[in-house]
Amino acid sequence: MPRLLRPADFAGDAPAVAQALIGAVLLVDGVGGRIVETEAYDREDPASHSHSGPTPRNRAMFGPPGRAYVYRSYGIHWCLNFVCREEGHGAGVLIRAIEPVAGIPVMCERRGLHDLRLLCAGPGRVGQALAIVHDYNGHRLDLKPFEVLASDRHHDVVVGPRIGISKAADVPWRFGLAGSPFLSRRFPASAAIIRA
DNA sequence: CGAACGATTAGCT
DNA sequence: GCTAATCGTTCGA
């Protein structure tokens with residue numbers, strides 16, 4: 001039985017937590033799967049929502065680690081982040097893609113398709129498939145409806161630049177499960193691989 | 001108060 | 001590969 005991640009497990013800096021989350025299982029009301037893609041963001045990072053300090057939108061990022069930061073993207077999608085580091089810092093990990101494992105029929109219904117590869121391949125798609133709502137903003141990740149189960153196997157992790165940002169576009173803070181078909185996009189051929 | 005801009009996605013060429 | 005859709009947040013006047 002995998003270990004349930006608790007707030008202390010999110011106390012590391014954003015890139016370290018983002019890498020450690022690859023292979024972990026994320027469930028929301030028992031629906032979800034294996035995390036195969038994440039991105040790290042930090043206060044000292046021009047691409048981060050937290051870069052200019054606390055605002056009404058990003059306040060959860062400055063709260064205690066081990067909680068959710070949920071924001072609306074492009075006025076359309078709900079995206080899920082895990083707050084990390086320490087309270088007041090403003091660091092987080094964006095959940096960009098998961099491999100569907102539990103509650104697949106429910107996720108297909110929510111997404112209106114049956115292609116497993118596209119079910120949760122992107123932060124907006126993850127939000128829709130797991131029914132992420134703004135009410136979850138600031139919610140603890142070790143309490144209902146969330147469950148985050150530690151990765152129990154070692155695997156290779158790909159590292160590359162983050163997607164969809166204009167500032168700090170060269171910072172390699174995107175992490176992926178090497179070879180996974182459930183990524184939101186392929187990593188550049190030049191992307192480094194960390195053997196874990 | 002106005003305006004630009006997204007941590008995106010679906011659909012079409 | 002390219003673009004429209006869509007609207008809350010943020011920042012400058």
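Below, each value reflects all heavy atoms present in this structure, side chains not excepted, and no hydrogens, waters or symmetry copies. Chain A is the first sequence line, chain B the second, and so forth, proteins listed ahead of strands; every chain is numbered from 1. Since the model is a prediction, treat every value here as computed from it, not as a measurement.
- Close placement of the A:Tyr136 and A:Phe146 rings is indicated, their centers lying within 6.0 Å of each other.
- At least one side-chain nitrogen or oxygen of A:Ser166 sits closer than 4.0 Å to the OP1 or OP2 atom of B:dG6.
- Contact annotation: A:Thr55 does not reach the phosphate of C:dT9 (side-chain N/O to OP1 or OP2, under 4.0 Å).
- Computed from coordinates, the A:His51 NE2 to C:dC11 P distance equals 10 Å when rounded to whole Å.
- Heavy-atom distances under 4.0 Å link DNA chain C to no residue of residues 104-135 of chain A.
- With hydrogens and angles left out, the side-chain atoms of A:Ser184 and A:Arg96 include a donor and acceptor closer than 3.5 Å.
- In this structure, OG on A:Ser50 lies 4.0 Å from CE on A:Met61, to the nearest 0.5 angstrom.
- In this structure, CZ of A:Arg72 is placed 13 Å from C1' of C:dA5, rounded to the nearest angstrom.
- Counting to the nearest Å, the P atom of C:dG8 and the CD1 atom of A:Ile76 are 11 Å from each other.
- Few gaps surround NE2 on A:His134; more than 12 heavy atoms of other groups in view lie less than 6.0 Å from it.
- Nucleic acid contact class of A:Arg57 (heavy atoms, under 4.0 Å, all strands): sugar-phosphate only.
- Note on A:His49: a side-chain N or O is less than 4.0 Å away from OP1 or OP2 of B:dA7.
- Nearest nucleotide to the side chain of A:Pro56, out of B:dG6, C:dT10, B:dT9: C:dT10.
- A:Arg59 has its CZ atom 10 Å from the P atom of C:dT9, to the nearest Å.
- One finds a salt bridge joining A:Asp9 and A:Arg3 here, because a Lys/Arg side-chain nitrogen approaches an Asp/Glu carboxylate oxygen to under 4.0 Å.
- Residue A:Ile165 is classed as a sugar-phosphate contact, given heavy-atom separations below 4.0 Å to backbone atoms only.
- Salt-bridge check for A:Asp142 with A:Arg140: passed, with a basic side-chain N closer than 4.0 Å to an acidic carboxylate O.
- Using a 4.0 Å heavy-atom criterion, one finds that A:Ser184 contacts no nucleic acid atom at all.
- Protein atom CG of A:Asn58 is 11 Å distant from nucleotide atom C1' of C:dT10, rounded to whole Å.
- Remark: A:Ser73 is not in phosphate contact with C:dC7, judged by side-chain N or O atoms under 4.0 Å from OP1 or OP2.
- Aromatic ring centres of A:His49 and A:Tyr41: separated by at least 6.0 Å.
- Spacing between atom CZ of A:Arg43 and atom P of B:dA7 amounts to 17 Å, rounded to whole angstrom units.
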Item to check | Strand DNA chain B in bracket notation, Watson-Crick/G-U under 3.5 Å with | for pairs to another chain | outcome: ||||||.|||||.

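- Salt-bridge annotation for A:Arg162 and A:Glu39: absent, with no side-chain N of the basic residue lying under 4.0 Å from a carboxylate O of the acidic one.
- Taking atom CD of residue A:Glu37 and atom P of nucleotide B:dT8, one finds them 10 Å apart after rounding to whole Å.
- A donor-acceptor pair shorter than 3.5 Å can be found between the side chains of A:Arg111 and A:Gln128.
- Atom C1' of nucleotide C:dT10 and atom OH of A:Tyr71 are separated by 15 Å, given to the nearest angstrom.
- Put simply, the side chain of A:Asp156 never gets that close to the backbone of A:Ala178: no donor and acceptor are under 3.5 Å apart.
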